[in-house]
Structure formats: structure tokens, C-alpha cells
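One structure is given here, and the rest of the page talks about it.
Per chain, numbering begins at 1; letters A, B, ... match sequence-line order.
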Amino acid sequence: MYRLKPHLFNLNYTLDCGQVFRWEREGNWWTGVVGDHVIRLSQENGQLIIDSTLTPEFFSHYFRFDDDLPSIYESINRDLLIDRAIRKYQGLRLIRQDPWECLISYMLATASSIPTIQRRIYLLSRTFGQEIEPGYFTFPDPETLANANPAALERCKLGFRAPSIKAAAEEVASGELDLNVLFRLEYKYARERFMRLRGIGEKVADCVLLFAFGKLEAFPVDTHIKQIIQHYHIDDSYFETCTSMSCMGDWGREYFGQYCGYAQEYLYYQKRVEGFVSLY
DNA sequence: TCCCAGGAAAACA
DNA sequence: TGTTTTCATGGG
């Protein structure tokens with residue numbers, strides 16, 4: 001057990017905002033599985049309290065403490081709505097997730113509520129992962145999911161997503177899709193590579209690139225983000241010439257700039273927690 | 001019973 | 001090319 005004093009960090013917002021699905025809160029403590037470690041975290045007066053054998057460097061990397069939030073805020077602060085979100089949810093940081101786990105997590109997240117997603121990931125881990133503590137399991141590796149018994153996979157409640165998830169696992173397990181290579185690709189090309197997989201469209205690709213590959217220029221457009229843009233009539237003139245939904249991602253990049261991924265996450269969380277907020 | 005949820009892809013017009 | 005429907009699942 002030890003403490004860190006990160007600058008401008010809010011643990012609750014960071015773990016609750018919907019980017020990760022394997023952390024659960026009990027009172028002031030969060031418990032989660034990262035890799036093959038069960039980690040317990042809390043925060044008091046800005047200090048991060050860590051119950052884990054993992055190093056400070058690990059958490060600094062995981063929580064992106066190297067991101068200069070003040071300058072990111074300045075860079076994305078384009079209007080009253082995002083201004084409110086970055087004030088209210090100050091300290092929310094993007095997390096560096098494991099690419100493989102993040103890929104499967106967002107594939108099985110399509111058209112599902114967050115509790116449903118969490119349940120599916122738990123079932124997958126319980127069925128195909130290793131138990132590292134009573135009740136806590138590692139995320140199954142690509143080989144295991146690629147060779148998974150279809151009936152057992154069915155019992156994880158993946159629904160219509162099961163075939164594409166199995167296919168993706170086979171592609172990663174065979175080496176046909178090398179996730180490590182994608183780190184070196186530019187956002188645009190890594191995105192195209194992901195979208196060649198069945199079950200991965202623009203939104204899922206953007207989530208994986210943002211949350212696992214550190215592509216902060218990814219701007220995932222989910223149902224909440226669509227509603228926000230339409231409800232507040234943000235930049236209506238842009239959408240007169242660009243009417244298809246697929247251009248909302250391009251809009252986000254142009255509007256918020258190189259750190260639009262952060263903007264997206266703050267807007268998304270604000271909408272989930274508070275709905276359409278008043279700006280007066 | 002209907003509608004929506006961190007959607008994608010086939011079917012349709 | 002843009003719009004609608006379908007696909008499982010769970011919760012309100």
C-alpha cells in the first residue's frame with residue numbers, strides 16, 4: 001500500500017466515465033483487474049491510495065499522468081458546453097487500456113448498455129480466463145477465444161456479436177492482425193485496418209484507437225455524441241454541407257483539434273450523468 | 001409492450 | 001448514395 005500525488009487527477013471520474021468496464025466501486029474504494037493483477041484504489045485529498053504490487057511508473061502510464069491536462073483543456077475549450085464539462089469533471093483522464101481487451105470490449109459493446117457490457121466481459125473472463133483471486137479473472141487471450149466452444153461463447157450472452165468476436169480472435173491469434181504494428185500506424189490507417197474486421201465500424205475503431213492506442217485525435221461518435229451535436233445545434237453550418245452521420249467524427253476533429261478524444265470523453269460523460277444541461 | 005443502449009451491415013428505395 | 005431494418009440482450 002502506497003500513495004501518489006498526481007497533479008490534476010480525479011479517480012472517480014476517470015473510472016466511472018464509461019471508458020473501462022472492469023472496475024467496480026464499493027464505497028470509496030475501486031477494485032479492478034488489469035492484466036493479471038487485481039488492483040484496489042482510492043483517493044483522499046487528491047492523493048491516490050494504491051493497494052497493489054505494481055509500481056508508480058505503471059500507474060503513471062496507465063492513467064496517462066504525462067498528459068498535460070491544462071494545455072489540453074485550453075486546446076479543446078471551444079464553446080460553453082465543453083467549457084462546463086471540463087470544469088465540472090476536472091481531473092478525468094483517459095486510460096491506456098490493453099489493446100486486445102479493449103478491442104473485444106468495444107466489439108461486444110455495440111448497441112448495449114454499460115451494465116450489460118460489464119456483465120458480458122465478466123462472463124467471458126469467468127468462462128475463459130484464469131482466476132487470480134476468488135471472483136476475479138484475467139481477460140481471456142486471443143488463442144483461447146479463437147478456440148472457444150461456440151456453445152460456451154453463447155452462454156456469455158454476446159448475442160449477434162459472437163461470430164465477429166470469434167473471427168477477430170482468430171485473426172489476432174493467427175498473427176494476421178498484429179496489434180503491435182498498429183501502434184506505429186497513423187490514426188487514419190490504423191482505423192482503416194480495424195474497419196476491415198467484421199463487427200468494427202467507425203465508432204468501435206475510434207474507441208479502440210483512443211482508449212488503447214493513444215490516438216487522441218480519434219473522436220468516437222456514439223448515440224450520446226450524436227444527440228449532443230443535434231440538440232445544441234453545435235456548428236449547424238458544417239452539417240449543411242455534410243449530412244451523413246459518418247462526418248461527425250471528421251467534424252469533431254476539425255472543431256476540437258488534436259485532442260478531440262478528450263473533448264469527446266468529457267461531453268459523453270456529462271451527457272450520461274446529467275443529460276442535456278442548461279448553459280444559462 | 002415499446003424504446004433505448006459507447007453499432008454494424010444487409011436490405012431497401 | 002442515403003435511409004431503414006435486422007441482429008441479441010437487458011433495463012426502464
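Rounded to whole angstrom, the span from the CD atom of A:Glu202 across to the P atom of B:dA8 amounts to 8 Å. Following rounding to the nearest Å, A:Asp222 (CG) and B:dA5 (C1') show an atom-to-atom distance of 9 Å. Atom CD of A:Gln118 is separated from atom C1' of C:dT9 by 15 Å (rounded to the nearest Å). What separates CD of A:Glu154 from P of C:dA8 is a distance of 9 Å, to the nearest Å. Atom P of nucleotide C:dA8 and atom CZ of A:Arg120 are separated by 12 Å, given to the nearest angstrom. Across the protein-nucleic acid pair, A:Arg196 atom CZ and B:dA8 atom P stand 17 Å apart, rounded to whole Å. Rounded to an integer number of Å, the gap from A:Leu153 CG to C:dA8 C1' is 13 Å. Nucleotide B:dA8 holds its P atom 14 Å from the CD1 atom of A:Ile104, rounded to whole Å.
Nearest nucleotide to the A:Arg198 side chain, out of B:dG7, B:dA9, C:dG10: B:dA9. Minimum atom distance to the side chain of A:Lys203 is reached by B:dA8, of the listed B:dA5, C:dG10, B:dA8. Comparing C:dG10, C:dA8, B:dA5 by their closest approach to the side chain of A:Gln227 singles out B:dA5. Listed candidates were B:dA5, C:dC7, C:dT9. Nearest to the side chain of A:Phe160 is C:dC7. Closest to the side chain of A:Arg161, from the set C:dG10, C:dA8, B:dG7, is C:dA8. Nearest nucleotide to the A:Lys157 side chain, out of B:dA5, C:dT9, C:dC7: C:dT9.
A:Gly201 comes within 4.0 angstrom of sugar-phosphate atoms only, judged by non-hydrogen atoms across all strands, and of no base. Across all strands, A:Leu108 comes closer than 4.0 Å to no nucleic acid atom at all (heavy-atom distances). Residue contacts shown for A:Ala111 include a base, since a base heavy atom lies under 4.0 Å away. Nucleic acid contact for A:Tyr269: none, since no nucleic acid atom lies under 4.0 Å from a heavy atom of the residue. Across all strands shown, A:Leu158 has no heavy atoms under 4.0 Å from either base or sugar-phosphate atoms. Across all strands shown, A:Thr116 has heavy atoms under 4.0 Å from sugar-phosphate atoms exclusively, and none from any base.
Within 6.0 Å of OH in A:Tyr268 there are more than 12 heavy atoms belonging to other residues, nucleotides or ligands.
For C:dT5 and B:dC2, the P atoms lie 15 Å apart once the distance is rounded to whole Å. Nucleotides C:dT4 and B:dC3 have their P atoms positioned 15 Å apart, rounded to a whole Å. Separation of the P atoms belonging to B:dA11 and C:dA8 is 14 Å when rounded to the nearest angstrom.
Among the candidates A:Lys166, A:Arg193, A:Arg196, the single residue satisfying the salt bridge (charged side-chain N to carboxylate O under 4.0 Å, His left out) test with A:Glu171 is A:Arg193.
Take the nearest nucleotide of DNA chain C for A:Gly159 and for A:Pro115: the residue whose nucleotide is more 5' is A:Gly159. The residue among A:Ile200 and A:Phe21 whose nearest nucleotide of DNA chain B lies closer to the 5′ end is A:Phe21.
In terms of modelled atom types and a separation under 3.5 Å, the side chain of A:Asn147 and the main chain of A:Glu143 share a donor-acceptor contact. The main-chain N or O of A:Tyr255 is found under 3.5 Å from a side-chain atom of A:Arg78 such that the two form a donor-acceptor pair. Judged by distance alone, with hydrogens and angles left aside, the side-chain atoms of A:Glu217 form no donor-acceptor pair with the main-chain N or O of A:Gln258 at under 3.5 Å.
Between A:Arg119 and C:dG10 there is a side-chain polar atom (N or O) within less than 4.0 angstrom of OP1 or OP2. OP1 or OP2 of B:dA5 has at least one side-chain nitrogen or oxygen of A:Thr223 nearer than 4.0 Å.
Nearest heavy atom pair, residue A:Leu92 against residue A:Leu69, reads O-CD1, 4.0 Å.
Sulfur-to-sulfur, A:Cys247 and A:Cys242 sit under 2.5 Å apart at their SG atoms.
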